[in-house]
Amino acid sequence: MENETDMTGMTDMTGMNMDTQQNMDADGQQAENAHPNNTDSAKLAEFIAGELRKLVEAYPDCGITSFKDLMNKPYAKELMRYWSRGIPLYKAYGIVNAEEIYSRRAASDKQAALNSVRSKSHLVSSGGASRADKTVPMEVMEQYREFFPDWNDTQIISDYRKRS
């Protein structure tokens with residue numbers, strides 16, 4: 001124990017601080033805790049993750065799963081310009097992609113309306129055609145003309161609909 005020397009702050013022959021050298025990993029790169037900026041980069045990563053969460057919450061159909069995905073989009077430069085001015089990422093995305101978002105939501109609303117109509121198709125009455133759609137059969141029309149020779153087609157159809 002008496003022979004052990006405190007190596008803190010000492011340098012070896014390469015001029016590298018002994019503390020830093022002990023924090024090197026197997027690849028010869030410094031371990032994460034050796035960087036004084038690790039807390040800053042962790043905060044940055046956390047901030048970006050939070051911004052991406054907000055983006056996906058606001059636009060779940062955007063298809064963005066990572067920051068790398070976002071940066072590979074053709075609108076990335078314009079998006080970054082807004083974001084760097086302090087506009088939240090999800091709002092910047094909305095500004096840059098307003099037309100696409102509008103088109104996508106309009107198509108979605110249209111599809112929802114069609115689905116709603118289709119889901120109610122089982123509510124149509126099974127009694128055949130509605131009263132407005134009923135036509136007068138030829139035999140009945142001939143009978144009407146025999147009994148009411150002065151009536152025109154409109155009067156015959158109207159009377160037939162009332163009685164059926």
Side-chain angles (χ1 to χ4, degrees), residues 1-135 157-158 161-162 164:
M1 282 213 169
E2 292 177 18
N3 292 342
E4 288 183 26
T5 344
D6 182 15
M7 302 290 250
T8 308
M10 297 186 72
T11 58
D12 69 356
M13 292 194 315
T14 63
M16 185 179 286
N17 185 303
M18 297 296 276
D19 296 332
T20 305
Q21 192 173 19
Q22 289 172 351
N23 288 330
M24 299 286 263
D25 64 9
D27 294 333
Q29 297 175 350
Q30 290 188 354
E32 286 185 26
N33 60 1
H35 287 290
N37 292 333
N38 274 347
T39 55
D40 292 339
S41 58
K43 286 179 183 178
L44 179 63
E46 187 178 317
F47 173 74
I48 291 173
E51 289 289 300
L52 283 173
R53 268 192 305 278
K54 290 176 190 173
L55 171 68
V56 172
E57 285 173 11
Y59 304 103
D61 55 348
C62 68
I64 304 295
T65 57
S66 69
F67 192 73
K68 185 177 180 182
D69 288 345
L70 192 60
M71 292 298 99
N72 288 331
K73 298 292 183 181
Y75 51 79
K77 277 186 175 182
E78 187 177 2
L79 179 77
M80 291 306 292
R81 193 170 53 240
Y82 285 110
W83 195 32
S84 67
R85 292 179 184 163
I87 296 174
L89 186 62
Y90 74 95
K91 287 185 179 181
Y93 179 87
I95 293 168
V96 172
N97 294 298
E99 288 181 32
E100 180 185 340
I101 292 166
Y102 175 77
S103 298
R104 199 177 317 133
R105 287 192 177 167
S108 175
D109 291 347
K110 181 179 178 182
Q111 187 61 46
L114 289 172
N115 291 345
S116 176
V117 168
R118 286 185 194 133
S119 71
K120 294 178 182 170
S121 65
H122 68 282
L123 300 176
V124 173
S125 67
S126 60
S130 68
R131 290 177 65 124
D133 292 342
K134 289 187 180 178
T135 57
I157 292 169
S158 174
R161 286 184 182 158
K162 286 179 192 173
S164 56

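Quick note: numbers below take in every heavy atom, side chains included, and nothing from hydrogens, waters or symmetry partners.
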* Asked: Charged N to carboxylate O below 4.0 Å: is that the case for E100 and R104?
  ->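 Here E100 pairs with R104 in a salt bridge, since their nearest N and O are under 4.0 Å apart.
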| said: Does L89 form a side chain to side chain contact (heavy atoms under 4.5 Å, CB included) with L70? I'd like the steps, not just the answer. | reply: CA-CA 11 Å; L89 186 62; L70 192 60; 3.8 Å; yes
message: For the aromatic rings, using the six-membered ring if either is Trp, is the centroid distance between Y90 and Y59 under 6.0 Å?
response: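 Distance test on ring centres: not under 6.0 Å, no.
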Q) Should we count CD of Q111 as having more than 12 external heavy atoms under 6.0 Å? A)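 Enclosed.
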Which distance, rounded to the nearest 0.5 Å, do you find between the [atom1] of [X] and the [atom2] of [Y]?
X: N72; Y: I64; atom1: CG; atom2: CD1; value: 9.0 Å
X: L44; Y: I48; atom1: CG; atom2: CD1; value: 4.0 Å
X: L55; Y: K91; atom1: CG; atom2: NZ; value: 13.5 Å
X: Y93; Y: Y75; atom1: OH; atom2: OH; value: 4.0 Å
X: S108; Y: I101; atom1: OG; atom2: CD1; value: 13.0 Å

Evaluate the salt bridge (Lys or Arg N to Asp or Glu O under 4.0 Å) criterion for residues K54 and E57: first the C-alpha distance (whole Å), next the side-chain angles of each, then the deciding distance (0.1 Å), finally the verdict. CA-CA 5 Å; K54 290 176 190 173; E57 285 173 11; over 6 Å; no
* Report the residue from N97, V96, I95 that forms a side-chain contact (heavy atoms from CB on, under 4.5 Å) with E78. =>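 Single side-chain contact (heavy atoms from CB on, under 4.5 Å) partner of E78 among N97, V96, I95: V96.
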- Closest heavy-atom contact between P88 and W83?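 Heavy atoms of P88 and W83 come nearest at C-CD1, 4.0 Å.
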Q) Do you know the tightest heavy-atom contact between R105 and A58? A)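 What the structure gives for the nearest pair is NH2-O, 3.3 Å.
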(Q) Donor-acceptor pair, distance only, cut-off 3.5 Å: does the side chain of S116 make one with the backbone of A112? (A)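 Not confirmed, S116 side chain does not pair with A112 backbone.
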Decide yes or no for F67 and E51: does some side-chain heavy atom of the first lie under 4.5 Å from some side-chain heavy atom of the second?
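Of all side-chain heavy-atom pairs linking E51 with F67, none is under 4.5 Å.
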